[in-house]
Asks: 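Quick one: the structure is below, questions incoming.
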Amino acid sequence: MNLNIRVVLVLAASLMATHALPQYMAEWSDGTVCRLVESDGGAEYVEEATSRGLDCHPPIKSANAKPTKPKIEVITYFGNRGDTDMPNNIEWQPNDVTLSHYYKMTDRLRFDRERTYTVEPSDDPVVFVKKIEQHKVIAREMATKTAFSYLYYEDGVVIYDAMPPEGRFTMALDNSSYFQSHSIGKSITSYIIGHAICEGYIKSIDAPITDWPFMENTLYYGQPLIQLLNMSAGDGNVIKSGEINFIKTGRSAHGNAPLSTAAKNPLELANTKPISSPRFSYSDLTTDVLFSYMMYRVGSDFDNFMDNFYQNKVRIKHPVYLDMNPLEGRPYYQPTEDRIEQGAGRFGVSATRYDYLRIAKAMVDDWKNDTCEGKYLKSIYDRRVSTNRRTDTWNKKDRRWGEPDFHRLSKRYGGQFWTDIVGLHRRHVLVMLGLGGSTVAMDMDNSRIVVINAIKQHHVNIKKLAYEPLKYGRIR
């Protein structure tokens, strides 16, 4: 593994799950109890370990022990110290101060005015009915794994609502905390395009891109929208599937310049042609093209269009921050018309946990009510394509690559959503996936929604937290 990993020492009070519910501990393994004692020393864990006669090392601290110096923990830096994301290909789970560090690095991006567009909250946000249930699996995951937030909603009611125990991480997390969507934003972009179609800005998913001047000499020009929505635009000759950099220049296609920069460069998009008979090829570039094209078609109505979507349709409670690429020649001032002209749109958003649920609820409601936007979702589902790869199994014993997830258990992909989940056949299930294991999964037939905001992929038990609620209505 060629990872550039550096570490520094920091002081942190390692407070792990000090208020996990005691009734769950009886079903925890001795190893879990002992590890929490050793990392925390909380009175509840000490009491549980003592009742089991465990001899945990280092020695268990009693509830009345004198205060000790804070435990020295290690922040691990991956790549350059200023990088905001951890790589996906590390097999082990970093410690909590490292997870905290990368959360903070990502969260601060929403304050960069060159790279964000803000939509203010609704005057009438969706209010959820809550009938919260507890489960030992949820308590364990929140205390020991890499999810920052977990919500499960079924047919109008929030059933599960959990966050990590107070003090586990070096930042406070609550309902006003923000989480970066990463590629969950791809699916949100598709849903927004559905609204643009329903409002008459775009003709249909089969409409070709033939009216976008600076894309005229690129491989995307003339292609029907559905080809891009299905990641089948034949752009594998300029960017490899699953990669972020242009093949010939090595420049990131996502995050440092508008599309007009690549459209003028013959080593990137200028004078390119699509691959013949293209297959599924997953790309950040493709969705940035989709979002920027939507901006171009909506034009001068863009500000009102986005306000209407988030404030009146989704009815968000907190501001939502849309990612944008910085403009050429405009280091500080980023007018919307220039962003449209240069193709500066990006698919990512930063939102709060319940606002992600509000977005998903709007999708499920549209599907169930067969609205114009619901018909759009059904049409892209019907036009889904094969991902052309082998799928994993939920019960696979080999866990060298971590916990299974929907990415490795989806057989098809439709309009920026992962579909055809192993074990959920004959269900209309649409899944949004983001870097770090973040997941929004929707059973459109039964109005079931799971929202997981996470920081490290393959260290969240997606089978228990997401698959089982979708399949059975509860964690088993």
Side-chain angles (χ1 to χ4, degrees), residues 1 3 85-94 137 141 145-148 150 152 180-187 190 229-232 236 239-244 279-284 286-287 347 360 380-381 384-444 448-472 475-476:
M1 188 185 308
L3 288 177
D85 298 314
M86 289 182 290
N88 270 333
N89 59 346
I90 54 172
E91 301 174 18
W92 44 276
Q93 177 178 324
V137 169
E141 287 287 311
K145 297 299 183 178
T146 62
F148 288 143
Y150 175 59
Y152 171 60
Q180 172 58 238
S181 71
H182 297 294
S183 290
I184 287 173
K186 291 183 170 78
S187 307
S190 175
L229 287 165
N230 282 345
M231 295 290 184
S232 302
I239 189 167
K240 292 181 179 179
S241 181
E243 299 291 332
I244 196 171
R279 304 174 73 186
F280 175 78
S281 183
Y282 189 80
S283 162
D284 287 355
T286 311
T287 316
F347 58 78
I380 60 174
Y381 182 87
R384 64 199 188 279
V385 298
S386 172
T387 57
N388 298 308
R389 56 192 178 144
R390 295 178 60 185
T391 55
D392 205 341
T393 65
W394 289 112
N395 297 317
K396 188 175 180 181
K397 294 181 179 179
D398 182 359
R399 289 289 178 258
R400 288 176 295 175
W401 305 110
E403 299 285 350
D405 57 27
F406 287 117
H407 178 260
R408 295 187 289 179
L409 286 134
S410 300
K411 294 182 178 180
R412 307 183 84 178
Y413 188 86
Q416 307 282 297
F417 293 86
W418 301 90
T419 68
D420 295 77
I421 311 301
V422 172
L424 295 174
H425 299 304
R426 300 185 181 89
R427 299 268 193 97
H428 294 105
V429 174
L430 277 66
V431 179
M432 313 180 229
L433 296 176
L435 181 73
S438 290
T439 301
V440 180
M442 304 173 293
D443 180 337
M444 313 304 270
R448 294 172 179 169
I449 302 170
V450 172
V451 179
I452 299 172
N453 301 107
I455 189 71
K456 175 66 181 71
Q457 198 165 344
H458 305 319
H459 293 279
V460 179
N461 193 336
I462 296 296
K463 178 185 177 183
K464 301 297 291 186
L465 296 184
Y467 170 74
E468 288 187 0
L470 289 184
K471 188 174 180 70
Y472 306 112
I475 298 173
R476 301 185 82 183

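The figures that follow rest on heavy atoms only: side chains count, while hydrogens, waters and symmetry mates do not.
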Asks: Would you mind reporting whether Val450 and Phe406 have side-chain heavy atoms less than 4.5 Å apart?
Replies: no
Asks: Among residues at least two apart in sequence or on other chains, which ones pass ring pair (Phe, Tyr, Trp, His ring centres under 6.0 Å) with His182?
Replies: none
Asks: Which heavy-atom pair separates Val385 from Ser232 by the least distance, and what is that distance?
Replies: CG2-OG, 4.0 Å
Asks: Quick one: CD on Glu243 to OG on Ser283, what's the gap to the nearest 0.5 Å?
Replies: 10.0 Å
Asks: When rounded to the nearest 0.5 angstrom, what is the spacing between OG in Ser438 and CG in Asp405?
Replies: 11.5 Å
Asks: Does the Gln93 side chain pair with the main chain of Thr146, one donor and one acceptor, at a distance under 3.5 Å?
Replies: no
Asks: Between Ser190 and Thr287, does a side-chain contact (heavy atoms from CB on, under 4.5 Å) hold up when you go through it step by step?
Replies: CA-CA 9 Å; Ser190 175; Thr287 316; over 6 Å; no
Asks: With no hydrogens and no angle check, is any side-chain donor or acceptor of Ser241 less than 3.5 Å from a backbone partner on Tyr282?
Replies: yes
Asks: side-chain contact (heavy atoms from CB on, under 4.5 Å), that's the test. Do Met231 and Tyr413 meet it? Break it down for me.
Replies: CA-CA 8 Å; Met231 295 290 184; Tyr413 188 86; 3.5 Å; yes
Asks: Any donor-acceptor pair under 3.5 Å linking the side chain of Ser187 with the backbone of Gln416?
Replies: yes
Asks: Is the shortest heavy-atom distance from the side chain of His458 to the side chain of His407 under 4.5 Å?
Replies: no
Asks: Would you indicate whether the side-chain heavy atoms of Ile475 and Pro469 approach each other to under 4.5 Å?
Replies: yes
Asks: Supply the atom-to-atom distance Arg412 CZ to Asn230 CG, rounded to the nearest 0.5 angstrom.
Replies: 9.5 Å
Asks: Can you tell if the side chain of Asn395 reaches within under 4.5 Å of the side chain of Lys463, non-hydrogen atoms only?
Replies: yes
Asks: Considering the options Arg426, Arg384, Lys411, which one meets the salt bridge (Lys or Arg N to Asp or Glu O under 4.0 Å) requirement together with Asp420?
Replies: Arg384
Asks: Nearest 0.5 Å please: distance from the CD1 atom of Ile452 over to the CG atom of Leu433.
Replies: 10.0 Å
Asks: So with a 6.0 Å cut-off around CZ of Arg389, is the heavy-atom count from everything else above 12?
Replies: yes
Asks: If you define the side chain from C-beta out and look only at heavy atoms, does anything of Thr439 sit under 4.5 Å from Val431?
Replies: yes
Asks: Relative to each other, are the rings of His428 and Tyr381 parallel, tilted or perpendicular (30° and 60° limits)?
Replies: perpendicular
Asks: Please report the C-alpha distance between Thr387 and Trp418 in whole Å, then the side-chain angles of each, then the deciding distance to 0.1 Å, and finally whether the side-chain contact (heavy atoms from CB on, under 4.5 Å) criterion is met.
Replies: CA-CA 9 Å; Thr387 57; Trp418 301 90; 4.0 Å; yes
Asks: So, for Ile380 and Gly415, which heavy atoms are closest and what is the spacing to 0.1 Å?
Replies: CD1-O, 3.6 Å
Asks: Return the set of residues passing ring pair (Phe, Tyr, Trp, His ring centres under 6.0 Å) with Phe417 (not counting sequence neighbours), or none when no residue passes.
Replies: none
Asks: With the side chain counted from C-beta on, respond yes when Lys471 and Trp394 share a heavy-atom pair under 4.5 Å apart, and no when they do not.
Replies: no
Asks: With side chains defined as the heavy atoms from C-beta onward, is the minimum distance between Leu465 and Val137 less than 4.5 Å?
Replies: yes
Asks: Would you compute the distance between atom CG of Asn453 and atom CD1 of Ile184 and round it to the nearest 0.5 angstrom?
Replies: 6.5 Å
Asks: Identify the two heavy atoms, one from Gly436 and one from Ala454, that lie closest to each other, and give their separation to 0.1 Å.
Replies: O-CB, 3.3 Å
Asks: Return yes if some donor-acceptor pair links the side-chain N/O of Lys186 with the main-chain N/O of Met432 below 3.5 Å, else return no.
Replies: no
Asks: Can you list the residues that meet the salt bridge (charged side-chain N to carboxylate O under 4.0 Å, His left out) rule with Lys456, with sequence neighbours excluded?
Replies: none
Asks: Find the distance between CD1 (Ile239) and OG1 (Thr286) and round it off to the nearest 0.5 Å.
Replies: 7.0 Å
Asks: So does Lys464 have more than 12 non-hydrogen atoms from other groups sitting under 6.0 Å from NZ?
Replies: yes
Asks: Do any N or O atoms from the side chain of Arg448 and from the backbone of Leu470 form a donor-acceptor pair under 3.5 angstrom?
Replies: yes
Asks: Given the rule in the side-chain contact (heavy atoms from CB on, under 4.5 Å) test, do Met86 and Ile455 qualify, once you have shown the distances and angles that lead to the verdict?
Replies: CA-CA 8 Å; Met86 289 182 290; Ile455 189 71; 3.7 Å; yes
Asks: Which pair of non-hydrogen atoms, one from Val460 and one from Ala147, has the smallest distance, and what is that distance?
Replies: CG2-N, 3.9 Å
Asks: Is there a side-chain contact between Ile462 and Glu403 (heavy atoms, below 4.5 Å)?
Replies: no
